[in-house]
Amino acid sequence: MSAEPGAASEDLESRIREAERRLDEAATLAAEAEKRAEAEIQALEADLQREREEKEQALAAAEERLEEIESQVEAAEQRVLAAERRASTAEETISDELARAREGAATWLRGQLEALRREAEGR
């Protein structure tokens, strides 16, 4: 019976060593998994940061382009106002010239009528 307790003791020690080996192996695997997870988290954070920076740059570029467009629109509106003023002035000038032309035509016709009356009276 004394052999049995020694054998049981060896068997127990063997099982303990095996359990410790498996525990060490599990701890190693867990540490490796943790390192991979940390590396993946860092990679994802870097990707997220890069995407944020790209979006910020795109937004800044869009805002700059919007400012350029607004400036161009303002300049175009000023050109339209200036063109409208020139058109108004031209219309006034044309209207004045038409009035003078009508006045001149009416004066000429009166002169012609007067000449015809004098000629008719002279007969």
Side-chain angles (χ1 to χ4, degrees):
M1 278 191 108
S2 65
E4 286 184 20
S9 175
E10 282 181 29
D11 185 45
L12 183 57
E13 285 180 23
S14 174
R15 287 174 41 199
I16 290 172
R17 281 192 300 272
E18 181 61 25
E20 287 175 345
R21 184 191 63 76
R22 283 187 286 183
L23 182 60
D24 287 344
E25 188 177 302
T28 301
L29 290 173
E32 290 172 359
E34 184 178 359
K35 286 179 184 176
R36 284 193 305 271
E38 286 177 4
E40 188 173 338
I41 288 170
Q42 288 175 352
L44 290 171
E45 287 175 344
D47 287 348
L48 180 59
Q49 182 63 32
R50 198 169 32 259
E51 286 179 18
R52 282 182 183 156
E53 290 171 359
E54 288 173 0
K55 287 179 183 178
E56 287 174 4
Q57 289 173 352
L59 182 59
E63 287 174 346
E64 184 177 324
R65 182 66 180 129
L66 178 60
E67 288 175 8
E68 290 173 4
I69 290 170
E70 287 174 341
S71 176
Q72 291 172 354
V73 166
E74 187 176 326
E77 288 173 345
Q78 292 300 319
R79 288 192 302 271
V80 166
L81 289 174
E84 287 174 346
R85 284 191 297 271
R86 288 191 307 272
S88 177
T89 301
E91 287 174 358
E92 288 174 12
T93 301
I94 290 170
S95 180
D96 291 347
E97 291 300 319
L98 284 174
R100 283 189 207 112
R102 285 187 193 115
E103 208 174 286
T107 302
W108 181 80
L109 283 175
R110 280 188 219 111
Q112 292 296 312
L113 285 174
E114 188 61 36
L116 286 174
R117 277 189 204 132
R118 278 189 239 137
E119 190 179 309
E121 286 174 6
R123 289 187 193 172

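We're numbering straight along the sequence, starting at 1.
- Taking the charged nitrogens against the carboxylate oxygens, Glu68 and Arg65 do have a contact shorter than 4.0 Å, which makes a salt bridge.
- Atom-to-atom distance recorded for Ile41:CD1 and Glu34:CD is 9.0 Å, nearest 0.5 angstrom.
- Salt bridge Glu114/Arg110: absent, no basic N to carboxylate O contact under 4.0 Å.
- Atom CD of Glu64 sits in a sparse spot, with 12 or fewer heavy atoms from other residues, nucleotides or ligands closer than 6.0 Å.
- Panel note: side chain Ser71, backbone Glu67; no donor-acceptor pair is recorded below 3.5 Å.
- Taking CG from Leu109 and CG from Leu116, the interatomic distance works out to 10.5 Å, rounded to the nearest 0.5 Å.
- Note that the CG atom of Asp47 and the CD atom of Glu40 stand 10.5 Å from one another [nearest 0.5 Å].
- A heavy-atom distance below 4.5 Å is found between the side chains of Leu81 and Glu84.
- The pair Glu20-Arg17 fails the salt-bridge criterion, with no side-chain N (NZ, NE, NH1 or NH2) lying under 4.0 Å from an Asp/Glu carboxylate O.
- Remark: the backbone N or O of Arg85 is paired with a side-chain donor or acceptor of Thr89 at under 3.5 angstrom.
- For Arg21, the CZ atom sits in a packed shell: over 12 heavy atoms of surrounding residues, nucleotides or ligands are nearer than 6.0 Å.
- Looking at Ser95, its side chain never comes within 3.5 Å of a backbone N or O of Glu91 through a donor-acceptor pair.
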- Query: After noting the C-alpha distance and the side-chain angles of Arg100 and Glu97, does the key distance pass the salt bridge (charged side-chain N to carboxylate O under 4.0 Å, His left out) rule?
  - Reply: CA-CA 5 Å; Arg100 283 189 207 112; Glu97 291 300 319; 2.4 Å; yes
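- Atom CD of Gln112 sits in a crowded spot, with more than 12 heavy atoms from other residues, nucleotides or ligands closer than 6.0 Å.
- No side-chain heavy atom of Leu44 sits less than 4.5 Å from a side-chain heavy atom of Leu48.
- Heavy atoms from other residues, nucleotides or ligands lying under 6.0 Å from CD of Glu38 number more than 12.
- For the residue pair Gln49/Glu53, the side-chain donor-acceptor check at 3.5 Å is satisfied.
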